[in-house]
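Nothing here was measured: the structure is a model prediction, and the numbers come from that model. Count residues from 1 along the sequence. Counting starts at 1 for both ligands and their atoms, following the listed order.
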Amino acid sequence: MTARLACVVGARPNFVKIGPVLRGLQEQWPGVQCSLIHTGQHYDREMSDLFFTELNLPPPDVLLKVGSGTHGQQTARILQGFEAWLLEADPRPTATIVVGDVNSTVACALAAAKLNIPIIHVEAGLRSFDRRMPEEINRVVTDTLSSLLLASEPAGVENLRREGLASDRIRLVGNVMIDVLFANLDRARRLGYPEKLGLTPGEYCIVTLHRPSNVDAPSALHRLSDTLQRLSSKIPIVFPVHPRTRARLHEAGLWNELDHAPGITLSEPLGYLEFLCLSSQAKIVITDSGGLQEETTALNIPCLTMRDRTDRPITVHEGTSTLVGHDIELLERLFNDVLHDRYKQGQCLALWDGQSGQRIAHEIGEFLKHVN
Ligand code: UD1
C-alpha cells in the first residue's frame, strides 16, 4: 500500500506520543510515507529539541515556527501555516494524524478538515467535562472532525459513543505514552539522576504544575508555595518548573522564596529521560498533568492530582492517582498516608502493555485501505 501521512506534533506531550506511531507505521506499512510537521508551539530546547534527541525521533520535515501567543493567535497561526503547507504538498497527504489535545492538535485538524483530508486522532475521547480547560475544547472539536478515533482507555470509547460518533470510527488501542515509558525505563534509571541531586531513590517527592487554574492566580500560587514549604519538611521536593509557572512565580514574587526553601529543589523543565529517571523512583508525585497521572499509574507510584476533574478516570479508579483539587487539607492528609505506606495500590491496566504503537499502526493501515 502507498499513501502519504502528515503527522503533526507541536508541544511536549506530542513529541513523546508520536514515536511509537511512526515506528509502527514504518514496520507494518513501509509504503506509507510519513511527513513530520512540527508547529513550533513549544520551541525552547528543553521543551522541544531535547525530546527529539532523547527519543530518537526523525527531524521534522516541516517547521511552522508559530511560537507562543493567546489561544486565538496561536491556533490561527498554526491553522494558517498548516493549511499553506497542505495546499502546496505534492502529493497531497492521504490523511493527517494528530495526537493529544493541545492547540496544535485542534488547529491542524481544522485545516485538514476544510480541505477534506481525513483526520486520525490518537488519544481520542478523553473528557474532563470542564469546558474551562482549553484542552477540553480542543478534544471535542478534534474528535468531531476525525474519521478514525483511537482511544487510550475505555472511558474514551464511551464518551465518543455518548456524543453520537459512529462506532465504526472508534478503536480502543491502549496508551501509546506507556509504550515509550516501558521502552526507556532501564535507560532512564541508569542516569542516576536522584543521586546527582543528592536524593535517595524512593525518598523524595516530585511536583509539576502548569495548568492556568493552579498557577495563574497569585492567591493560588501563594497557598501552593506555603504548602510545598510545609511538605518539604517531611520529605525533599523536586519541582521542575514549566516556563508558564516560572513566569507566574516571578510575577508573584515567590521564586526566590521557593528557590531558597530548604528541602525544595527548583529546576528547569527536564528532558524525557531525566524526568522518567526521577519520577520512576519517587515516593510520591504531586501534579496537574494528565500524562503524569498515567505514567505514575503504570509505575505504581502514588499521585496526588491537583485538579477538580480528570480526563483520565481510569488512573483514579484503577490506578494510583487521587484527585485533590484545591483541597490543601486533603492533599496533606494523603501525603502523610503515602509517607506512612497507607496509600492505595494501583494495578496494571489492560492494553497499557507497550504495544499500542503497533495496534495504532495496524488500525491506520486498515483505515487507509478504504481511503485510497
Ligand atoms: C501546552 C498545552 C497543555 C500541555 C502543555 C505541556 C495547550 C492549550 N496547552 O500548555 O495541554 O499540557 O503544553 O507542556 O495547547 N513557553 C516557553 N517556551 C516554550 C513553550 C512555551 O517559554 O518552548 C511559555 C510561553 O510563555 C507560553 C507559555 O509557556 O506563553 C505557555 O505555552 P503554551 O504552549 O501556550 O501552553 P502550555 O502551558 O505549555
Side-chain angles (χ1 to χ4, degrees), residues 8-18 38-53 55 60 63-79 81-82 98-110 121-124 126-128 130-142 152 177 180 206-217 220-221 239-251 255 267-272 275 279 285 287-296 303 305-307 309-312 315:
V8 175
V9 291
R12 211 163 45 166
N14 299 164
F15 309 139
V16 178
K17 289 167 199 159
I18 201 72
H38 185 337
T39 66
Q41 176 174 346
H42 284 175
Y43 43 84
D44 284 344
R45 182 184 162 275
E46 308 80 43
M47 303 288 285
S48 174
D49 289 6
L50 191 52
F51 284 74
F52 277 77
T53 314
L55 298 172
L63 275 171
L64 298 180
K65 295 192 179 166
V66 298
S68 302
T70 64
H71 284 272
Q73 287 166 343
Q74 191 175 58
T75 307
R77 283 202 294 264
I78 299 167
L79 199 158
F82 187 55
V98 294
V99 297
D101 56 15
V102 302
N103 285 345
S104 301
T105 311
V106 70
C108 292
L110 272 170
H121 187 199
V122 174
E123 206 183 77
L126 297 182
R127 297 288 183 270
S128 63
D130 179 0
R131 296 257 171 125
R132 288 169 306 174
M133 284 182 76
E135 293 80 3
E136 185 75 353
I137 313 277
N138 295 346
R139 294 181 199 118
V140 171
V141 175
T142 304
S152 54
M177 211 175 57
V180 186
I206 295 192
V207 175
T208 79
L209 295 164
H210 72 286
R211 301 270 163 205
S213 59
N214 279 320
V215 305
D216 280 3
L221 266 189
F239 186 175
V241 188
H242 185 283
R244 167 194 285 280
T245 312
R246 170 185 284 266
R248 299 294 179 269
L249 283 171
H250 278 294
E251 283 160 21
W255 179 270
S267 82
E268 295 296 317
L270 297 176
Y272 182 80
F275 189 78
S279 62
V285 170
T287 192
D288 58 11
S289 148
L292 198 46
Q293 289 171 65
E294 297 178 330
E295 289 172 331
T296 47
C303 177
T305 302
M306 296 194 70
R307 276 165 63 171
R309 292 156 181 261
T310 182
D311 34 80
R312 272 86 164 171
T315 65

Could you check whether any heavy atom of R211 sits closer than 4.0 Å to an atom of ligand 1, since that is the contact criterion I want to use? yes
Among G10, P13, G290, closest by any non-hydrogen atom to atom 6 (C) of ligand 1: P13
Does any N or O in the side chain of T75 come within less than 3.5 Å of the main-chain N or O of G72, such that one atom is a donor and the other an acceptor? no
Those residues that, when tested against R77, pass side chain to side chain contact (heavy atoms under 4.5 Å, CB included) (two or more places apart): V66, Q73
For R12, the ligand 1 atoms with a heavy-atom partner under 4.0 Å come out as 14 (O)
Hey, is R246 close enough to E268 for a salt bridge, meaning N to O under 4.0 Å? yes
Near P243 (heavy-atom distance under 4.0 Å), the atoms of ligand 1 are 16 (N), 17 (C), 18 (N), 22 (O), 24 (C), 29 (O)
Out of H242, Q74, Q41, indicate the one that has the non-hydrogen atom closest to atom 7 (C) of ligand 1. Q41
Per-atom contacts, ligand 1 versus H71 - under 4.0 Å to a heavy atom: 8 (C)
Parallel, tilted or perpendicular: rings of F15 and H38 (30°, 60°): tilted
Note: heavy atom closest to atom 39 (O) of ligand 1, options H42, E136, R244, H210, belongs to H42
Regarding R307 and D130, does a basic nitrogen lie under 4.0 Å from an acidic carboxylate oxygen? no
Which one of D101, T105, V106 satisfies the side chain to side chain contact (heavy atoms under 4.5 Å, CB included) criterion with V141? V106
